[in-house]
Protein chains: 2
Amino acid sequence: MNRSEQKRQSILNAAKQEFIENGFAGSNMNTVCDKAEVSKRTLYRHFESKELLFEAVLTIEQQQLEALRDYRFEPKVDLRQQLISITQQEAQRLLAPHGMALARMVVMEFFRQPQMAKALSERLYHTHAVTPWLQQAIAAGAIKSVDANDAAEIYMALFNGLFLWPQILQLAQPMAATELGSKIEVVVDTFLNSYGNCESTQ
Amino acid sequence: MNRSEQKRQSILNAAKQEFIENGFAGSNMNTVCDKAEVSKRTLYRHFESKELLFEAVLTIEQQQLEALRDYRFEPKVDLRQQLISITQQEAQRLLAPHGMALARMVVMEFFRQPQMAKALSERLYHTHAVTPWLQQAIAAGAIKSVDANDAAEIYMALFNGLFLWPQILQLAQPMAATELGSKIEVVVDTFLNSYGNCESTQ
DNA sequence: CTTTAAGTAAACTTGAGAGTGTACTTTTGG
DNA sequence: CCAAAAGTACACTCTCAAGTTTACTTAAAG
């Protein structure tokens with residue numbers, strides 16, 4: 001079953017590109033076929049509908065992202081440094097080649113078909129990957145003893161408010177490296193000013 | 001020209017309702033005609049296309065909102081109380097009958113036609129109505145002397161992260177009054193912990 | 001009272017694009 | 001080798017909704 005699998009991959013790649021460029025509604029199945037060098041009938045044998053193809057693309061993307069996010073609290077490392085490092089990684093993920101385009105695509109689908117994209121997108125961009133780290137930090141006494149989910153909500157509000165939304169909505173220019181660095185510090189320091197325990201690191 | 005104006009209003013009302021319920025793409029011009037009790041030809045005499053009708057609806061909405069937001073810093077009133085009051089007003093605006101639906105509609109349009117909705121939405125939800133207030137508060141020494149726009153960005157990140165996005169994306173249930181109150185305090189306190197001058201109000 | 005701008009109803013055109021049917025060829029596993 | 005599973009080409013159907021045409025009626029200003 002080798003050729004079949006190749007075709008399937010080819011379709012998924014073409015579809016990903018097409019969806020990123022044009023969103024769900026704007027994407028054209030004929031174009032996907034052409035890009036994938038596959039006949040329409042073949043595409044529809046692998047994926048029964050545009051909807052299912054889209055879900056398949058998102059699912060794969062989600063799994064790839066998931067594998068990269070596993071933050072562990074290190075009691076011996078400076079708290080602020082750890083959170084800066086996490087924030088840097090998250091920011092890089094977002095600013096990576098297709099990171100923002102993908103994020104935009106996913107958010108769009110919320111508006112189109114909430115029930116469909118919901119589970120996927122929650123995991124993609126709304127699972128608070130920092131939550132486990134925060135739980136450990138709270139247990140270790142490095143972060144004030146609040147609910148880790150509440151703290152994560154604040155951290156994500158700051159992060160998304162400075163990195164995700166301005167870029168997704170294209171209200172802001174692509175960020176320069178120095179600007180990125182200073183915004184990361186703002187996010188981390190604003191968060192730690194309210195939730196950090198005793199370490200004034202400003 | 002009285003009947004004509006009545007028809008126009010009727011069309012705008014029907015369109016607003018339709019757009020709120022179904023978004024731009026999902027809205028049907030025939031349905032708008034029916035709701036407005038107007039013939040299709042009449043609708044198209046008033047608004048040359050769906051696009052122009054949509055813009056007209058948004059423009060009117062924007063003008064109505066604009067009139068309500070004019071926050072002034074009062075040196076004699078407690079800083080935290082002022083910011084809580086502002087935050088309450090903004091939250092109420094968002095949670096008002098059609099506030100969220102409208103916000104969703106506007107955000108959607110960013111994805112469809114950035115250049116069109118950009119100016120409108122910036123003013124609707126991304127003009128930082130708090131910026132003038134912050135400028136005055138900084139001048140009065142109540143807020144640390146940072147750039148008012150930077151501070152506004154943080155405040156809005158917190159506000160939108162807790163109120164706008166979870167609701168728009170329908171990740172959260174509609175909020176209970178007590179929850180609303182405590183979230184308002186979280187926003188304000190997190191902000192003031194980093195930007196307030198000397199008034200520890202926790 | 002009549003002209004003209006506005007409104008009505010309903011059938012119609014149009015375009016786009018998702019998905020299918022059909023007749024054919026290629027791959028591949030037993 | 002040879003069935004059957006997979007792929008190809010492409011013309012076709014179906015649907016949906018934006019916008020138009022047509023033949024007509026109504027409102028109102030000079």
Side-chain angles (χ1 to χ4, degrees), chain A residues 1-60 105 108-109 111-117 120, chain B residues 1-59 104-105 108-109 111-113 115-117:
Chain A
M1 304 288 156
N2 200 4
R3 187 173 58 143
S4 197
E5 191 52 32
Q6 281 174 1
K7 294 284 171 185
R8 188 187 184 84
Q9 286 308 320
S10 173
I11 293 166
L12 284 168
N13 288 337
K16 176 179 163 186
Q17 202 188 324
E18 177 79 356
F19 285 135
I20 281 176
E21 280 167 18
N22 310 306
F24 181 86
S27 290
N28 184 315
M29 295 298 264
N30 293 316
T31 308
V32 174
C33 294
D34 293 351
K35 273 187 191 159
E37 292 181 308
V38 140
S39 76
K40 208 168 179 182
R41 220 66 192 79
T42 298
L43 185 156
Y44 276 97
R45 195 164 286 131
H46 282 288
F47 304 95
E48 283 189 336
S49 69
K50 194 181 183 182
E51 201 97 342
L52 290 172
L53 176 55
F54 186 75
E55 286 183 40
V57 169
L58 283 194
T59 304
I60 288 168
M105 184 175 96
M108 276 185 71
E109 288 326 299
F111 295 108
R112 244 186 38 81
Q113 283 282 345
Q115 65 282 13
M116 171 186 124
L120 287 168
Chain B
M1 303 288 158
N2 201 1
R3 187 173 59 144
S4 196
E5 191 50 32
Q6 280 174 4
K7 294 286 172 183
R8 188 189 182 84
Q9 286 308 319
S10 173
I11 293 166
L12 284 168
N13 287 337
K16 176 180 162 184
Q17 202 189 323
E18 176 79 356
F19 284 135
I20 281 175
E21 279 166 20
N22 310 307
F24 180 86
S27 290
N28 185 316
M29 294 298 262
N30 293 316
T31 309
V32 173
C33 294
D34 293 352
K35 274 187 191 159
E37 292 181 306
V38 138
S39 76
K40 211 168 178 182
R41 213 63 196 81
T42 297
L43 186 156
Y44 276 99
R45 196 166 284 134
H46 281 288
F47 304 96
E48 283 190 335
S49 70
K50 195 181 184 181
E51 199 96 345
L52 290 172
L53 176 56
F54 185 76
E55 286 183 41
V57 169
L58 282 194
T59 303
R104 183 178 296 122
M105 187 174 92
M108 276 185 70
E109 287 326 297
F111 296 108
R112 247 183 36 80
Q113 283 283 344
Q115 65 282 13
M116 170 185 124

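FYI, side chains are in, hydrogens and waters are out, and symmetry mates aren't considered; it's all heavy atoms of this structure. Remember, predicted model here, so these are calculated numbers, not experimental data. Just so we're on the same page: letters track the sequence lines, and every chain starts at 1.
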| message | Tell me whether the count of non-hydrogen atoms from other residues, nucleotides or ligands lying under 6.0 Å of CD in Glu48(A) goes above 12. | response | no
| query | Could you give the CZ-to-P distance, from Arg45(B) to dT8(C), as a whole number of Å? | reply | 10 Å
| request: Would you please confirm or rule out a distance under 4.0 Å between OP1 or OP2 of dG17(C) and any side-chain N or O of Asn28(A)? | output: yes
| task | Could you pick out which residue, Lys50(A) or Val38(B), lies toward the 5' side of DNA chain C when each is mapped onto its nearest nucleotide? | result | Val38(B)
| task | May I ask you to check whether over 12 heavy atoms, not counting those of Glu37(B), lie within 6.0 Å of atom CD? | result | no
| Is there a donor N/O on one and an acceptor N/O on the other, under 3.5 Å, for the side chain of Arg3(A) and the base of dG7(D)? | no
| task | Using a cut-off of strictly less than 4.0 Å, decide whether Lys40(B) has a side-chain nitrogen or oxygen near OP1 or OP2 of dG7(C). | result | no
| task | Please check if atom CD in Glu21(B) has more than 12 non-hydrogen atoms from other residues, nucleotides or ligands closer than 6.0 Å. | result | yes
| task | Send over the distance from Asn2(A) CG to dA6(D) P, rounded to a whole Å. | result | 13 Å
| remark: Here the distance between atom P of dA11(C) and atom CZ of Arg41(B), to the nearest Å, is 17 Å
| task | Give one of base, sugar-phosphate or nothing for Ser27(A), where a contact means two heavy atoms less than 4.0 Å apart. | result | sugar-phosphate
| Rounded distance in Å - CG (Asn22(B)) to C1' (dC16(D)) | 15 Å
| query | Under 4.0 Å between a side-chain N or O of His46(A) and OP1 or OP2 of dA6(D)? | reply | no
| task | Please work out which of the three classes, parallel, tilted or perpendicular, describes the rings of Phe24(B) and Phe19(B), given edges at 30° and 60°. | result | parallel
| CD of Glu5(A) versus C1' of dT28(C): gap in Å, rounded? | 16 Å
| field | Asn30(A) CG - dT20(C) C1' separation (whole Å) | value | 13 Å
| note | To the nearest angstrom, the CZ-C1' distance between Phe54(A) and dG19(C) comes to 19 Å
| request: Rounded to the nearest 0.5 Å, what's the gap from CG on Asn28(B) to CG on Asn22(B)? Could you check? | output: 9.0 Å
| query | Hey, does the side chain of Ser4(A) come within less than 4.0 Å of dG7(D)'s phosphate (OP1/OP2), counting only N and O? | reply | yes
| request: Answer with base, sugar-phosphate or nothing: what part of the nucleic acid does Glu37(A) contact at a heavy-atom distance below 4.0 Å? | output: sugar-phosphate
| said: Side chain of Ser39(B), heavy atoms from C-beta onward: which of dA18(D), dT8(D), dT8(C) has the nearest atom to it? | reply: dT8(C)
| remark: note: Phe47(B), atom CZ; dA6(C), atom P; distance rounded to Å ~ 14 Å
